[in-house]
Amino acid sequence: VRVFDHHTEEFARDWREIYTDLRRDCPVAHSDRHGGFYVLTRYADVKAALHDPRTFSCARAFDQLPGVKGGVTVPRNPFRLGMMEMDPPEATGYRRVLAPLFSAKAVREYLPRMTEIVAWSVDRVIESGRIDFVDDLANPVPALITLDYLGLPLENWADYARVLHRAVYREAGSARDLELLLADLTAAIKARRAAGPGGGDFVDTLLNADINGEPLSDEMVVEMVFTVLNGGIDTSTALIAHMFLHLEEHPDDRAALIADPSRIPGAVDEMVRHVTPGPGLARTVLKPVEIAGTRLEPGDRVLLAFGSANTDDEMFPDANRVDIGRENAAKHLSFGSGIHRCLGASLAPAEMTVLLEQVLARMPDYRIDVDAVRAYPKIPLVNGFIAVPATFTPGEPQLSGFASELPVSRSS
Ligand code: HEM
């Protein structure tokens, strides 16, 4: 019997197989690692837990359960992850204020700017005929778009992208870099506070928000912004790298999307499902509950294995295969579900769609050097890549004369 541990290289290599075995033999497994936790692997059980926040809490500590370390990661993250680690009514207070900024309509209105940022990123490599999908697209595009969308200055986008990416796969020195990033962010938020209200973007909204009757401190705004950067950027980076790799390994899918770009949004949903950029997040049990014959008690920690739910054949037949026309692909749990469902769940797929459209139109013949591809050695929080180099037939830039100017913020 294997001991389940999502922090191992074995998990990074064999997670599909490990989850297939668990779903079949032991859908509510227990692991003694990281202080002990359960792992829910079936789609129906993961989804039910996400929709029962009174039983499955996101909070980090509990008056009624002294000593229990909660939060949405196993083991608990060193610092709180903003609203992701709050329960109602706090969590719902934030949602009420922030959800309109991330609506499908708001994302649609942002599309021209998003397209410009993607075009700029492609322009930077198009004449060379060489690209590393991680360093040149997967990393810059989500960093630029997320910073821009939130209303933060873009000058330091490359530092942000690099630091967040390295922190996720825990390269040496990454913790110190994160502190520098946090200091930079704090300075940017203080500057926005001093400049006064305006713009209506994410930062502005938070600086002027009443959450359940309370204004937010600068520290709280920094925590919220950092959570979004941390949660939104490297997950998108991972997904982008996987998408281009998939289309390298499946030329039939690449040809189908080039022939009919209207299929791209559906293909994106399917790849979000199949990849599951964030393989799972945790909850803490507050009330006794029985799942598939196993009784969980208050204080028990539970990992909700999104990657397993998304590859449950009961829900998605032949689930470990990519089917770019799969009808129910969008029912994946890669963005969670229920009251904490990802706020970027419209923004991220739109970004992936624009990116695929541009790459498939402008470098349709790219060939990845598969021997030089390097994946994260461990994937406890994000299943991503370090290097995905490729070559293609060079092309012309689209934004001529504009390329060196783009990274300034919308608000400036
Ligand atoms: C492919 C990319 C992404 C993936 C896979 C992803 C995944 C997730 C997941 C699974 C959750 C739910 C957490 C839970 O239930 O405990 C979440 C929450 C969240 N995501 Fe994303 N995310 C992505 C991109 C983004 C982007 C681009 C943004 C914003 C710019 C964003 C902002 C947030 C926020 C603010 C929350 C917290 C929501 C809450 O607690 O109410 N995410 N994300």
Residues Thr311, Arg273; criterion side-chain hydrogen bond (donor to acceptor under 3.5 Å, both in side chains); working and verdict: CA-CA 8 Å; Thr311 50; Arg273 176 197 73 79; over 6 Å; no
Between Thr276 and His332, does a side-chain hydrogen bond (donor to acceptor under 3.5 Å, both in side chains) hold up when you go through it step by step? CA-CA 9 Å; Thr276 317; His332 65 71; over 6 Å; no
Mind running side-chain hydrogen bond (donor to acceptor under 3.5 Å, both in side chains) on Thr284 and Arg301 for me, showing each step along the way? CA-CA 5 Å; Thr284 305; Arg301 301 273 289 139; 3.0 Å; yes
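Closest approach of Leu40 to Val46, counting heavy atoms only: O-CG2, 3.4 Å. Heavy atoms only, all atoms of each residue included: Asn212 and Gly93 are closest at OD1-CA, 3.6 Å.
Put simply, the residue from Asp123, Thr393, Val125 that forms a side-chain contact (heavy atoms from CB on, under 4.5 Å) with Arg362 is Asp123. The side-chain contact (heavy atoms from CB on, under 4.5 Å) test with Val163 singles out one residue from Asn156, Ile233, Leu178, Leu180, and that residue is Leu178. Screening Leu303, Asn310, Asn383 for a side-chain contact (heavy atoms from CB on, under 4.5 Å) with Pro279, the sole residue that qualifies is Asn383.
Taking the six-membered ring where tryptophan is involved, the planes of His250 and His246 are essentially parallel, since the angle between them stays under 30° and well short of 60°. Note: His7 and His34 have tilted aromatic rings, judged against thresholds of 30 and 60 degrees for the angle between ring planes. Note on ring orientation: taking the six-membered ring where Trp is involved, the planes of Tyr19 and Trp15 are perpendicular (angle over 60°, cut-offs 30° and 60°). Ring pair Tyr38/His30 is perpendicular by interplanar angle, where above 60° counts as perpendicular and below 30° as parallel.
Around the CD atom of Glu214, the shell of radius 6.0 Å holds no more than 12 heavy atoms that belong to other residues, nucleotides or ligands.
Ion pairing of Arg254 with Glu248 is present here, as a side-chain N (NZ or NE/NH1/NH2) and a carboxylate O approach within less than 4.0 Å. A salt bridge does not link Lys378 with Glu9: none of the charged nitrogens is closer than 4.0 Å to a carboxylate oxygen. The pair Arg80-Glu223 counts as a salt bridge, with a side-chain nitrogen and a carboxylate oxygen less than 4.0 angstrom apart.
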